[in-house]
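Let me begin by presenting the structure, written as structure tokens, before commenting on it.
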Protein chains: 2
Amino acid sequence: MDIKIKDVAKAAGVSVTSVSRVLNGEQYVSAEIKQRVNEAINELGYTPSHIARSLKRKKTNLIGVIVSNITSNFFSTILSSIEETVDQHHYNLLVCNIMENLDKELRYLQTFQEMRVDGIIIMHEKVNDDIRRFLHQTKIPIIFCASPVDPAFPRVTVDDFSAAYDATRFLGDLGHQRIAFIGGDLEDVSSGRKRYEGYLKAISDIGLTIEPRWIKFGDYQVKSGYEQMKAILQEGPRPTAVFAASDDMALGAMNCLHDCGFHVPEQMSVIGFDGSELTELTRPRLTSMQQPIAMIGRLSVELLLEAIQNPDQSATLTTVPHQLVIRDSCRAPAGLV
Amino acid sequence: MDIKIKDVAKAAGVSVTSVSRVLNGEQYVSAEIKQRVNEAINELGYTPSHIARSLKRKKTNLIGVIVSNITSNFFSTILSSIEETVDQHHYNLLVCNIMENLDKELRYLQTFQEMRVDGIIIMHEKVNDDIRRFLHQTKIPIIFCASPVDPAFPRVTVDDFSAAYDATRFLGDLGHQRIAFIGGDLEDVSSGRKRYEGYLKAISDIGLTIEPRWIKFGDYQVKSGYEQMKAILQEGPRPTAVFAASDDMALGAMNCLHDCGFHVPEQMSVIGFDGSELTELTRPRLTSMQQPIAMIGRLSVELLLEAIQNPDQSATLTTVPHQLVIRDSCRAPAGLV
DNA sequence: ATGAAAGCGCTAACAT
DNA sequence: ATGTTAGCGCTTTCAT
């Protein structure tokens, strides 16, 4: 590692310029020199310094990613697809797992700036004022992935309102009259609120009345699904179906139902949101409103790379299609069959 | 971003050295200069370049991580703990998700070298000759995390043999006489083989005979657990208990049993390995041989950082304790109760 | 087709 | 206590 381009040049008996040229596959190098240089590189075990290169080129080929919780199957799957796409374009990934800690997010954003990353991907719903200020001030291209926080930035996401609407309607079409909702955080103006609104609209379109006792909010994670389901079961008249705004929460709800002695779907239908791998791992398998997870990751990267190439584009919203995938956790309510 | 230390120096009316000094919190700067510099920094919106710094200091504060499959709960949890620890020490993480692709692993290792990462963490069982050659040739400190591939390198791991032995014995102690095993890849000399050997030893210590039809190998993932369980069910006399070498495979096995109409634990006991979050999410909850997941991540980072500080240490094996966590998926075989 | 040399933004040895 | 300056390892004009 202590060996540098100059050493290679010396060993090959050429100038550093020539070495640089073969390193970068440029024209104007004779086959002979190319060969001598490559031999020298192999003999010396030379690895070019990305650092020096970045400094000179003013380009790091680094992408910073902020993810709210990497242990969630939904996020890790997106991350996996991001990594794959980034890799295909010869970029590398700097990852920050913020675990809902906004201070950490801000700190990392600053680090990303110090690192001179070429672009930033944010998979997180919440931002505070400090973060918002940073995002607006920085010149680094940014994209929101599956979390359309701020219309000032490019974002790729499903139509959360419609997707939630469709999920709720699906339950209504099965004949359910008492449909509970376990939402995400209302504070995130994006998915959290949109999915809630989609649910409300569907309920009223179906011709049902809103029942506050059947509306609870968690944090998208399994545990909160469990707890909110429990709260719903404990308060008066029971619903016959539940729509959870994430598969994780749907799983939590199913576990709660199981532990309380209720059968899914015989006594309670459960529908999730995300279409993560989880849906195939539960028993019964979980019917869910599916997001095109891999596509979201890939598109985010591709749009970001475009923005890097061509910095002054306007912020666009890219909507990807949602799709209901019916598995085994929903059916018509008991009385109706 | 186009503004550099020189501009700050000019704006504050001091030398670049002074700016550098306040940037790095050194002594020998008067309070007055410090103040003027900080004001200039804020006014200009200056962010120091990590790139330039790294080039000069010959230290990037970057750690490269190779993970075999980031969507697995076990690995993403370790990764989460690695990220947390690394962050506390002011390092950053470059992540490669290889998805069992060894070519990609090698390519990333080379990229890590170009990036001049200060250290590398590998969470992957398999290596080929090219990779092995690279690992031995590079001067970058390396640690194997939860995958003790090669005794030439530091590694932190549970005692896979004993852990598998204890898990199997637990089933034996419950009274099971027919204990199946779904292992990981036998090709990985480390965990895969060790867990298998632990199983074999326990079977013979319990006084049972090895039954090849009850020994299958998967790839640690859910799907293979399902398939291998199915294979076991289809071949002649059925076991009364299964030990799967990962929680993911145990879940697959449980799902297969469910789909085939068998009840866990009434008709079949299932024990997993890893102690990932999954164990609490299944119904019945999964009894599992638990690895101290967070500790493995944290220790790996700390040992790596030590090796970075002090490069010529010998490769040590750090064994972390395993622990059986009894949940609801195992009980005495039917005839015995 | 090849090479000499300037400079990317910073730190640190060396003055003062 | 503060400033001058020589690199860190590379790319890239500009000459030849």
Side-chain angles (χ1 to χ4, degrees), chain A residues 1-38 40-41 44-62 90 110-111 113-118 139-140, chain B residues 1-38 40-41 44-62 90 110-111 113-118 139-140:
Chain A
M1 210 89 55
D2 288 316
I3 128 107
K4 42 209 169 200
I5 199 170
K6 204 173 164 186
D7 302 314
V8 176
K10 200 168 293 173
V14 299
S15 74
V16 292
T17 314
S18 293
V19 178
S20 174
R21 283 190 180 118
V22 348
L23 243 32
N24 296 291
E26 278 174 41
Q27 47 191 346
Y28 301 138
V29 247
S30 67
E32 194 212 327
I33 284 199
K34 189 178 284 181
Q35 158 132 17
R36 290 222 310 271
V37 167
N38 280 326
I41 287 176
L44 299 177
Y46 168 71
T47 311
S49 163
H50 187 90
I51 304 291
R53 212 171 242 180
S54 298
L55 182 61
K56 184 68 195 177
R57 287 189 184 154
K58 290 167 170 289
K59 182 145 188 351
T60 56
N61 279 46
L62 246 32
H90 308 292
Q110 280 155 348
T111 303
Q113 180 148 273
E114 291 188 0
M115 294 275 199
R116 303 297 191 253
V117 299
D118 293 334
K139 282 164 193 154
I140 304 176
Chain B
M1 212 88 55
D2 289 315
I3 128 110
K4 41 209 169 201
I5 199 170
K6 205 174 163 185
D7 303 313
V8 176
K10 200 168 294 173
V14 300
S15 74
V16 292
T17 312
S18 293
V19 178
S20 174
R21 284 191 179 116
V22 347
L23 244 32
N24 295 291
E26 278 173 41
Q27 47 190 349
Y28 302 138
V29 246
S30 67
E32 194 213 328
I33 285 201
K34 188 177 285 181
Q35 159 133 14
R36 291 221 309 273
V37 167
N38 280 325
I41 287 177
L44 300 176
Y46 167 71
T47 311
S49 163
H50 188 90
I51 304 290
R53 212 171 243 181
S54 298
L55 183 60
K56 181 68 192 178
R57 286 188 185 156
K58 291 166 170 291
K59 181 146 188 356
T60 55
N61 279 46
L62 245 34
H90 308 293
Q110 280 155 350
T111 303
Q113 181 149 275
E114 290 188 2
M115 294 274 197
R116 305 296 193 251
V117 300
D118 293 334
K139 283 164 191 153
I140 304 176

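Since the structure is predicted, the reported quantities are computational estimates derived from the model, not experimental observations. Proteins come first, then strands; the chains are lettered A, B, ... in the order of their sequence lines, and each starts at number 1.
Relative to the axis of its first five pairs, the axis of the last five pairs of the helix from C/dA1-D/dT16 to C/dT16-D/dA1 sits at 40°, rounded to 10 degrees.
Rounding to whole angstrom units, CG of residue A/L55 and P of D/dT11 are separated by 11 Å. In this structure, CD of A/Q35 is placed 13 Å from P of C/dT2, rounded to the nearest angstrom. A/N61 places its CG atom 16 Å from the P atom of D/dC10, with the value rounded to the nearest Å. Between B/K58 atom NZ and D/dC10 atom C1' there is a gap of 12 Å when expressed in whole angstrom units. Computed from coordinates, the B/K10 NZ to D/dG3 C1' distance equals 15 Å when rounded to whole Å.
Applying the salt bridge (charged side-chain N to carboxylate O under 4.0 Å, His left out) test to A/R53 and every residue at least two apart in sequence or in another chain returns nothing. Qualifying side-chain contact (heavy atoms from CB on, under 4.5 Å) partners for B/V16, counting only residues two or more places apart in sequence or in other chains: B/I5, B/K6, B/A9. With sequence neighbours left out, the side-chain hydrogen bond (donor to acceptor under 3.5 Å, both in side chains) criterion links B/Q110 to no other residue. When the side-chain contact (heavy atoms from CB on, under 4.5 Å) test is applied to A/L62, the partners found at least two apart in sequence or on another chain are A/T60, A/N92, A/L94, A/V117, B/L94, B/M115. Shown here are the side-chain hydrogen bond (donor to acceptor under 3.5 Å, both in side chains) partners of B/S20, two or more places apart in sequence or in another chain: B/N24. Judged as a side-chain hydrogen bond (donor to acceptor under 3.5 Å, both in side chains), and not counting sequence neighbours, the contacts of A/R36 are A/E32. B/K59 pairs by the salt bridge (charged side-chain N to carboxylate O under 4.0 Å, His left out) definition with B/D118, not counting sequence neighbours.
Phosphate contact (OP1/OP2 of C/dA1, side-chain N/O of A/S18, threshold under 4.0 Å): absent.
In this structure, A/I33 reaches the sugar-phosphate backbone alone: every heavy-atom distance under 4.0 Å involves primed, P, OP1 or OP2 atoms, never a base.
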In 5'-to-3' order, the base (B), backbone-only (S) or no-contact (-) status of each nucleotide in nucleotides 10-16 of chain C, using a 4.0 angstrom heavy-atom cut-off, is BBBB---
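At a threshold of 4.5 Å between non-hydrogen side-chain atoms, the residues B/I41 and B/L23 count as touching.
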